[in-house]
Amino acid sequence: MSTKQEISQEMEQKLSHQLSMQIMEVGQTILELEARFHDSFSRQMRDKIQRAKEILDELAKDCMTELTSERMKNWQKERLQEREKYNFTRKKDTWESLTPNQELEYQKRLTRKMHQGFGR
């Protein structure tokens, strides 16, 4: 009997974590909308978003795991990390990293070769 209880408790914990993650995603979206588009919303929409934030705070305190609650409230940090995953850097070509003296010397050599003809 105790193994069945342990299994059901584990299942409840997994489900509550999954639900907590989903609520976190919804919460992050609502908080981001409120932060970015606050001035664009009508007064009624602002009131609805404020009510949604209050409900999210209640859920965060009562139902969500502490980790997901913190992640939801720190949505800006979370979004920044997501963007950084997709950033890429490109290796600079040699000519982009020349010093001014090297660039001047390169231009002189190139001009000299143009006058002589590239084939020679």
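Every residue two or more places apart in sequence or in another chain was checked for a salt bridge (charged side-chain N to carboxylate O under 4.0 Å, His left out) with Arg112, and none qualifies. Looking at residues two or more places apart in sequence or on another chain, you find no salt bridge (charged side-chain N to carboxylate O under 4.0 Å, His left out) involving Lys77.
Separation of atoms CD (Gln50) and CD1 (Ile55) is listed at 11.0 Å; rounding is to 0.5 Å. Atoms CG and CD, on Asn101 and Glu105 in that order, are 9.0 Å from each other to the nearest 0.5 Å. Distance check, rounded to the nearest 0.5 Å: CD of Glu34 to CD1 of Ile30 gives 10.5 Å. Leu59 contributes atom CG, which lies 8.5 Å from atom CG of Leu19 (distance to the nearest 0.5 angstrom).
For Gly27 against Leu56, the heavy-atom pair with the smallest separation is CA-CD1, 3.5 Å. In plain terms, the two heavy atoms of Met72 and Ala60 that are nearest each other are CE-CB, 4.0 Å.
Residues Glu25 and Thr29 form no side-chain contact, since every pair of their non-hydrogen atoms from C-beta on lies 4.5 Å or further apart.
The residues Arg51 and Glu54 are annotated as salt-bridged, a charged nitrogen and a carboxylate oxygen being separated by less than 4.0 angstrom.
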Side-chain donor-acceptor pairs under 3.5 Å in residues 42-49, sequence neighbours left out?
unit_1, atom_1, unit_2, atom_2, d
Ser42, OG, Met45, N, 3.3
Arg46, NE, His38, O, 3.0
Arg46, NE, Phe41, O, 3.4
Arg46, NH2, Phe41, O, 3.2

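Under a hydrophobic clustering in which Ile, Leu, Val, Met, Phe, Trp and Tyr are joined whenever their side-chain heavy atoms come within less than 4.5 Å, directly or via other members, Leu110 and Leu104 fall into different clusters. When the side chains of ILVMFWY residues are joined at heavy-atom separations under 4.5 Å, either directly or via intervening members, Leu67 and Met21 end up in two distinct hydrophobic clusters. One hydrophobic cluster holds both Leu31 and Phe37 under the rule that ILVMFWY side chains link at heavy-atom gaps under 4.5 Å.
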